[in-house]
Amino acid sequence: MKKNKSKVLSLDNFIDYALYDKKKGYYIKKNPFGKNGDFITAPNISILFSEMISIWLVSYWNHLNQPKKIDIIELGAGNGALMKGIINTLKNFPNFYNSCNFLIYEKSKTLIDIQKKNISSQKISWKKKLEFKKKNPIIFIANEFFDALPIKHLTKIKTDWYEKYVEILQNKGEIRQKKIDIKKYKKDLFSEIIKKQKFIEYSPLSLKYLRDIGKIINKNDGGLLLFDYGYSENKFKDTLQAIQNHKYANILDNIGNRDITYNLNFYFLKKFIRSLKKLKSIYINQRNFLLNMGIMQRAEIISKKLQFSKKADLFYRVGRLIDEDKMGSLFKVMFVTKKNNSFKVGF
């Protein structure tokens, strides 16, 4: 009998395989969103989430002196709920709406088909590369995009650094460690970060996206509005996790059928963005951002016309977005823009 050959991949390559492999990848072959999926994101909880982002977009457009053309691009749009909500809301602001080119950056054909079905607008188009020929200002929106990108785990034992690998055999994985030269990661990690840490969890692909987006922002003007769960301590944490059927699961089992995700270190991201020299960033938790944008006032206005049961459901959903023990504290909102940009609405 032939022995089944194992495959050994670095942790980030293993996650890339599990999530994005052209045949077996989790995001490539299925729709993970909603009650019948594995998780529910903010735009699917309440339309008010999309409305608050829309109001922010209008405010930023005014700050940029109302350019005649502006690109609004969502990175990884899931089932299209956020972009659908934004487009429908912005129809109430015709001057801005007519200035907008709506775009979605998406790699999954399965999700593109779902997005096209859910968003009935002729003003939207899809991109597979972040390349822009025109010099319109560009606003990138990333809601739970970066947490779905592959990450590395680096661990310091005494004076040596080791990288986490995964050996795959028959759709199951086992953890391995490989000694590395930490110097080869100096492009991504600052020497002060390396000196102060004994464990590092980060995504090289996330940093590449931030570099590329930063160059586009510097060239075209605009910014990045990022929503994701994470923390702001200066020490890295091991936050790697898998989700299936709305429950935590083992990342090493049932490969290709579970979402794999992690919590962003916003302290590190802020330092990284500052290192790009011409950019700056600010961030707060999702609760404060949505409250600053007027989500409670909007909920009060809508609730006046609703029956009690629907009113209760409305405020229950808003609570899921802003309560400290739900998404309010764990989720952060970051705005990345040019250094000379003074816009702070929502922050």
Side-chain angles (χ1 to χ4, degrees), residues 3-41 44 75-79 104-115 128-129 142-155 162-178 180 185 188 199-210 226-230 236-265:
K3 287 187 177 181
N4 290 316
K5 288 186 177 180
S6 65
K7 183 189 294 186
V8 181
L9 301 170
S10 60
L11 179 62
D12 54 333
N13 285 333
F14 163 74
I15 296 171
D16 184 68
Y17 168 76
L19 297 183
Y20 302 107
D21 181 77
K22 290 181 180 179
K23 291 183 179 179
K24 299 180 179 180
Y26 174 79
Y27 281 111
I28 302 302
K29 67 185 182 184
K30 68 176 288 187
N31 173 17
F33 303 96
K35 288 183 180 180
N36 297 322
D38 293 322
F39 52 86
I40 297 175
T41 59
N44 294 288
L75 305 175
N79 62 8
I104 287 177
Y105 172 78
E106 184 64 68
K107 290 188 173 183
S108 169
K109 187 181 182 302
T110 300
L111 292 180
I112 289 173
D113 290 341
I114 292 168
Q115 292 157 11
K128 289 192 175 181
K129 292 184 178 180
N143 180 55
E144 293 193 53
F145 172 76
F146 285 93
D147 69 73
L149 299 179
I151 60 168
K152 286 185 177 293
H153 272 182
L154 310 177
T155 306
Y162 294 81
E163 181 171 355
K164 187 175 287 183
Y165 279 70
V166 177
E167 183 177 5
I168 305 171
L169 183 60
Q170 292 184 332
N171 210 36
K172 291 193 76 172
E174 290 188 11
I175 297 297
R176 301 283 182 260
Q177 296 282 0
K178 182 180 176 182
I180 57 163
Y185 296 109
D188 292 340
F199 170 80
I200 295 172
E201 176 182 84
Y202 88 104
S203 168
L205 186 55
S206 288
L207 302 189
K208 183 183 185 307
Y209 271 117
L210 288 173
L226 184 162
F227 295 78
D228 231 314
Y229 44 90
F236 283 97
K237 300 177 181 180
D238 183 347
T239 67
L240 183 64
Q241 56 191 276
I243 304 288
Q244 187 172 15
N245 297 325
H246 303 271
K247 295 178 181 178
Y248 293 113
N250 189 333
I251 70 163
L252 300 175
D253 293 338
N254 211 1
I255 297 167
N257 295 305
R258 294 173 173 177
D259 183 35
I260 301 175
T261 182
Y262 79 110
N263 292 6
L264 278 64
N265 183 329

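Being a predicted model, the structure only gives us computed values, none of them experimental.
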Trainee: Roughly how far apart are Asn44 CG and Thr41 OG1, rounded to 0.5 Å?
Mentor: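 The distance works out to 4.0 Å.
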Trainee: Could I get the full list of side chain to side chain donor-acceptor pair (under 3.5 Å) partners for Gln115, not counting sequence neighbours?
Mentor: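 By the side chain to side chain donor-acceptor pair (under 3.5 Å) rule, Gln115 matches Glu106, Trp126.
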Trainee: List the atom of Gln244, the atom of Asn257, and the distance in Å for their closest heavy-atom pair.
Mentor: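 Looks like NE2-O, 3.5 Å.
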Trainee: Using the test salt bridge (charged side-chain N to carboxylate O under 4.0 Å, His left out), find all partners of Lys208 that sit at least two apart in sequence or belong to another chain.
Mentor: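 By the salt bridge (charged side-chain N to carboxylate O under 4.0 Å, His left out) rule, Lys208 matches Asp212.
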Trainee: Between Phe199 and His153, is there a side-chain heavy-atom distance shorter than 4.5 Å?
Mentor: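 His153 vs Phe199: side chains touch.
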Trainee: Taking the side chain as C-beta and beyond, is there a heavy-atom pair between Asn265 and Glu201 under 4.5 Å?
Mentor: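 The answer is no; the side chains never approach within 4.5 Å.
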Trainee: Can you tell me how far the OG atom of Ser206 sits from the CZ atom of Phe146, to the nearest 0.5 Å?
Mentor: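 Ser206 OG to Phe146 CZ: 5.5 Å, rounded to 0.5 Å.
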Trainee: What are the two closest non-hydrogen atoms of Pro150 and Pro204, and how far apart are they?
Mentor: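 What the structure gives for the nearest pair is O-CD, 4.2 Å.
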Trainee: Taking C-beta and beyond as the side chain, do Lys7 and Phe14 meet within less than 4.5 Å on heavy atoms?
Mentor: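 A side-chain contact under 4.5 Å is absent here.
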Trainee: Asp21: what forms a side chain to side chain donor-acceptor pair (under 3.5 Å) with it, not counting sequence neighbours?
Mentor: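 Not a single residue meets the side chain to side chain donor-acceptor pair (under 3.5 Å) criterion with Asp21.
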Trainee: Of all heavy-atom pairs between Ile243 and Gln241, which one has the smallest distance, and what is that distance?
Mentor: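 In terms of heavy atoms, the two residues are closest at CD1-OE1, 3.9 Å.
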Trainee: Run the side chain to side chain donor-acceptor pair (under 3.5 Å) test against Thr155 and tell me which residues pass, sequence neighbours left out.
Mentor: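 For Thr155 there are no side chain to side chain donor-acceptor pair (under 3.5 Å) partners, ignoring immediate neighbours.
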Trainee: Using atom types as modelled and distance alone, determine if a side-chain donor or acceptor of Arg258 lies under 3.5 Å from a backbone N or O of Asn250.
Mentor: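 It does hold such a pair.
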Trainee: Does some side-chain heavy atom of Lys128 sit less than 4.5 Å from a side-chain heavy atom of Ile112?
Mentor: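 Result yes, sub-4.5 Å side-chain heavy-atom pair found.
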Trainee: Show the numbers, then the answer: is there a side-chain contact (heavy atoms from CB on, under 4.5 Å) between Leu11 and Lys152?
Mentor: CA-CA 6 Å; Leu11 179 62; Lys152 286 185 177 293; 5.8 Å; no
Trainee: Determine, step by step, whether Tyr202 and Leu154 satisfy the side-chain contact (heavy atoms from CB on, under 4.5 Å) criterion, reporting the C-alpha distance in whole Å, the side-chain angles of both residues, the deciding distance to 0.1 Å, and the verdict.
Mentor: CA-CA 9 Å; Tyr202 88 104; Leu154 310 177; 4.2 Å; yes
Trainee: Do Tyr229 and Leu264 touch side chain to side chain, with heavy atoms closer than 4.5 Å?
Mentor: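 No; the side chains remain at least 4.5 Å from each other.
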Trainee: For Ile151, which of Thr261, Leu205, Ile15 qualifies under side chain to side chain contact (heavy atoms under 4.5 Å, CB included)?
Mentor: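 Only match with Ile151 under side chain to side chain contact (heavy atoms under 4.5 Å, CB included): Ile15.
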Trainee: May I ask you to decide whether Lys172 forms a salt bridge with Glu174, counting only side-chain N to carboxylate O separations under 4.0 Å?
Mentor: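 Glu174 and Lys172: not salt-bridged.
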Trainee: Run the numbers on Asp238 and Tyr262 for side-chain hydrogen bond (donor to acceptor under 3.5 Å, both in side chains), then give the verdict.
Mentor: CA-CA 8 Å; Asp238 183 347; Tyr262 79 110; over 6 Å; no
Trainee: My understanding is that only residues two or more places apart in sequence, or in another chain, count here; which of them pass side chain to side chain donor-acceptor pair (under 3.5 Å) with Tyr105?
Mentor: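 For Tyr105 the side chain to side chain donor-acceptor pair (under 3.5 Å) partners, ignoring immediate neighbours, are Tyr209.
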Trainee: Measure the CG-CG distance between Asp147 and Asn263 for me, rounded to the nearest 0.5 Å.
Mentor: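 Nearest 0.5 Å value for the CG-CG distance: 8.0 Å.
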Trainee: Within this structure, what is the NZ-NZ distance for the pair Lys22 and Lys109, rounded to the nearest 0.5 Å?
Mentor: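 Separation between the atoms: 14.0 Å.
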Trainee: What distance separates Lys164 NZ from Ile180 CD1, expressed to the nearest 0.5 Å?
Mentor: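 It is 12.5 Å, given to the nearest 0.5 Å.
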Trainee: Which is it for Tyr165 and Leu9 under the side-chain contact (heavy atoms from CB on, under 4.5 Å) test, yes or no, and what are the steps along the way?
Mentor: CA-CA 6 Å; Tyr165 279 70; Leu9 301 170; 5.7 Å; no
Trainee: Going by side chain to side chain contact (heavy atoms under 4.5 Å, CB included), name the residues that satisfy it together with Lys237, two or more places apart in sequence or in a different chain.
Mentor: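 Once residues adjacent in sequence are excluded, the partners of Lys237 under the side chain to side chain contact (heavy atoms under 4.5 Å, CB included) criterion are Tyr231, Glu233, Thr239.
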Trainee: Taking side chain to side chain contact (heavy atoms under 4.5 Å, CB included) as the criterion, tell me which of Leu19, Ile168, Val166, Ile260 meets it with Ile255.
Mentor: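 It is Ile168; the other options fail the test.
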Trainee: What's the spacing between Leu75 CG and Ile104 CD1 if we round to 0.5 Å?
Mentor: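 Spacing of CG (Leu75) from CD1 (Ile104) equals 10.5 Å.
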